[in-house]
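Everything below concerns the one structure shown next.
Order of the sequence lines sets the chain letters (A, B, ...), proteins ahead of strands, with each chain counted from 1.
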Number of protein chains: 2
Amino acid sequence: MSTISEPLYRRVRKDIVECALTPGKSFSEAELGRLYHASRTPVREACRRLEHEGLVRIIPFRGYSIAPLSVAEFHDLQEMQLIFEPATAALAAERANQKELDEMRELATYEYNIEDKNSYHEFLQTNYQLHSLIAQSSKNKRLSDVVSNIHVRLMRFFYLGLSFESHGPTLVAEHISLVEAIRNRDIEQARHMATDHISKAIERSAKLLMGAIRFGEAVFEASPEMGDSQLARKYIVPRI
Amino acid sequence: MSTISEPLYRRVRKDIVECALTPGKSFSEAELGRLYHASRTPVREACRRLEHEGLVRIIPFRGYSIAPLSVAEFHDLQEMQLIFEPATAALAAERANQKELDEMRELATYEYNIEDKNSYHEFLQTNYQLHSLIAQSSKNKRLSDVVSNIHVRLMRFFYLGLSFESHGPTLVAEHISLVEAIRNRDIEQARHMATDHISKAIERSAKLLMGAIRFGEAVFEASPEMGDSQLARKYIVPRI
DNA sequence: AACAAGAAATCGGTATACCGAGTGTTGACG
DNA sequence: CGTCAACACTCGGTATACCGATTTCTTGTT
């Protein structure tokens, strides 16, 4: 297959996720075309797709911008994770096949070196792959697509610097417990471990966010979409 | 606002949802352009959007088709409802404002006439609006978008003839209970009523599906994506 | 100096010509 | 009669010219 659109889309998406393209930055079709050596048509198409995924914003008749990061979005996405991931974990415990189970263990045990900066980015990728694989194992393609998209959108925050570097070993431990529950086909335990994992991730990032808002002001949107209360938004955790 | 693309997209989507465009039917850009009096560019854009929403399929370099209906998709979508709707109901119970609460009651108490065929379609619309409103009340825009999309995709099955006509009064009763729970800000009760509502909807449609598969064979995809076991797929219901 | 009207520039929206990928058909050859 | 290669046809992919919406800058008036 030799289309321009598809690889272009992937490249731009990668650059947005890794924050090589600054959140909030505005641009035009021509500009992006120059950057990636493509003409308007494929650029347009890529941008439309990215808009659907929440990575690009389109202002009709005006232009485009890389979707800004906002506290509201961060909350929304994590709230969705808290709903979806326990459910997908439960389904995965029921439906994953042996190959998937083995690959999960592989991904969960990935050790990253706290000292090495590159290793952090690799960890982000591995983390993404693990959660995607669990979602895939639910054997519900539509669900799996949604969960993957949530993760992609969240990764931007972590690439930006909302780092869980210091929590590395803890995270790995949580992943291992979750995967073991799935491997044991223990549905309720899988659901429980996922809820626990996401809840803790939310707690961990809550503190970091506070600092980052001031620190990274430039890339954080002055959210018109959220009230003051949002910072202290209450998460409705499913009882397990 | 004077674009061709946007209204075109809406019209095509409406026609797909209402099955005026037959599921599985293949078509070309030019053809659709002739039908809706538009040139290729806006047609292309509309089709891309519809593909993202799962209503259209694109075969690269070959053509398009209206996304076929399959038992697998039906299951996937209902499974997602079973995960999302209880969660959005719980959030709505926490966050809906007075205006939303009032409108919910309005929509929930909509009575439809079993005799009148048109009334059934109106009911489908009202049903959609109610569920969308509940999702919106979660104040999580990304979540609300996903839930709406699921509903849109499910509506095609009901427009086709997978009817819950005979269950009218029961459905209304379930809606009223759900809305009352939300109005009382009883989070766990809202979650419970939503789970109950969706579970029953799944049960009801399971029987209908069996008949419809044979009856409407033409529009049902000979699903390569599902094994035989799928018909009897076990739903992993969250404990409540 | 403030402001309003209009010109110009910018940018996406749309139409369309052209190109190359994928399929099906046909006819020559074994 | 079967096989396969070349060709023609169809359709989406891409490039691009043109148009209209929107904003910005300029300029003249008060």
R40(B) side-chain proximity, nearest of dA21(C), dT14(D), dT14(C):
dT14(D)
Among dT14(C), dG13(C), dT14(D), find the nucleotide with the atom closest to the side chain of S5(B).
dT14(C)
For Q125(B), I'd like to know if atom CD has over 12 heavy atoms of other residues, nucleotides or ligands within 6.0 Å.
yes
Is the distance from OP1 or OP2 of dG13(D) to the nearest side-chain N or O of R44(B) less than 4.0 Å?
yes
Length of the line joining [X]:[atom1] and [N]:[atom2], which is rounded to integer Å:
X	N	atom1	atom2	answer
I4(A)	dT16(D)	CD1	P	10 Å
E29(A)	dT10(C)	CD	P	16 Å
F61(B)	dG20(C)	CZ	C1'	7 Å
R62(A)	dG13(C)	CZ	P	12 Å
Y64(B)	dC11(D)	OH	P	12 Å
L32(A)	dC11(C)	CG	P	13 Å
E6(B)	dA21(D)	CD	C1'	16 Å

Is there a donor-acceptor contact under 3.5 Å from the side chain of S148(A) to the main chain of D145(A)?
no
Between D15(A) (side chain only) and L21(A) (backbone N and O only), is there a donor and an acceptor less than 3.5 Å apart?
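Not at all, since once roles are kept as given, no pair shorter than 3.5 Å links the two residues.
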Verify the distance criterion only: is there a donor paired with an acceptor across the side chains of T88(B) and S138(B) at less than 3.5 Å?
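No.
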Tell me yes or no: between the side chains of Y64(B) and E31(B), is some donor less than 3.5 Å from an acceptor?
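No, because no side-chain N or O of Y64(B) sits under 3.5 Å from a partner of the opposite role on E31(B).
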Between R48(A) and E53(A), does any side-chain N to carboxylate O distance fall below 4.0 Å?
no
Taking the inter-plane angle between the rings of F157(B) and F74(B) on a 0 to 90° scale, is it parallel (under 30°), tilted (30 to 60°) or perpendicular (over 60°)?
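The rings of F157(B) and F74(B) sit tilted, inter-plane angle from 30° to 60°.
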Could you identify which residues of residues 46-55 of chain B place a heavy atom less than 4.0 Å from some atom of DNA chain D, listed by residue number, or say none?
R48(B)
Most 5' of E45(B) and I59(B) on DNA chain C, judged by nearest nucleotide:
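The 5'-side residue here is E45(B).
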Would you indicate what T41(A) reaches in the nucleic acid, counting non-hydrogen atoms under 4.0 angstrom: base, sugar-phosphate, or nothing?
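Answer is base: heavy atoms of T41(A) come under 4.0 Å of a base.
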Looking at every strand, decide which applies to S39(A) at a 4.0 Å heavy-atom threshold: base, sugar-phosphate, or nothing.
base
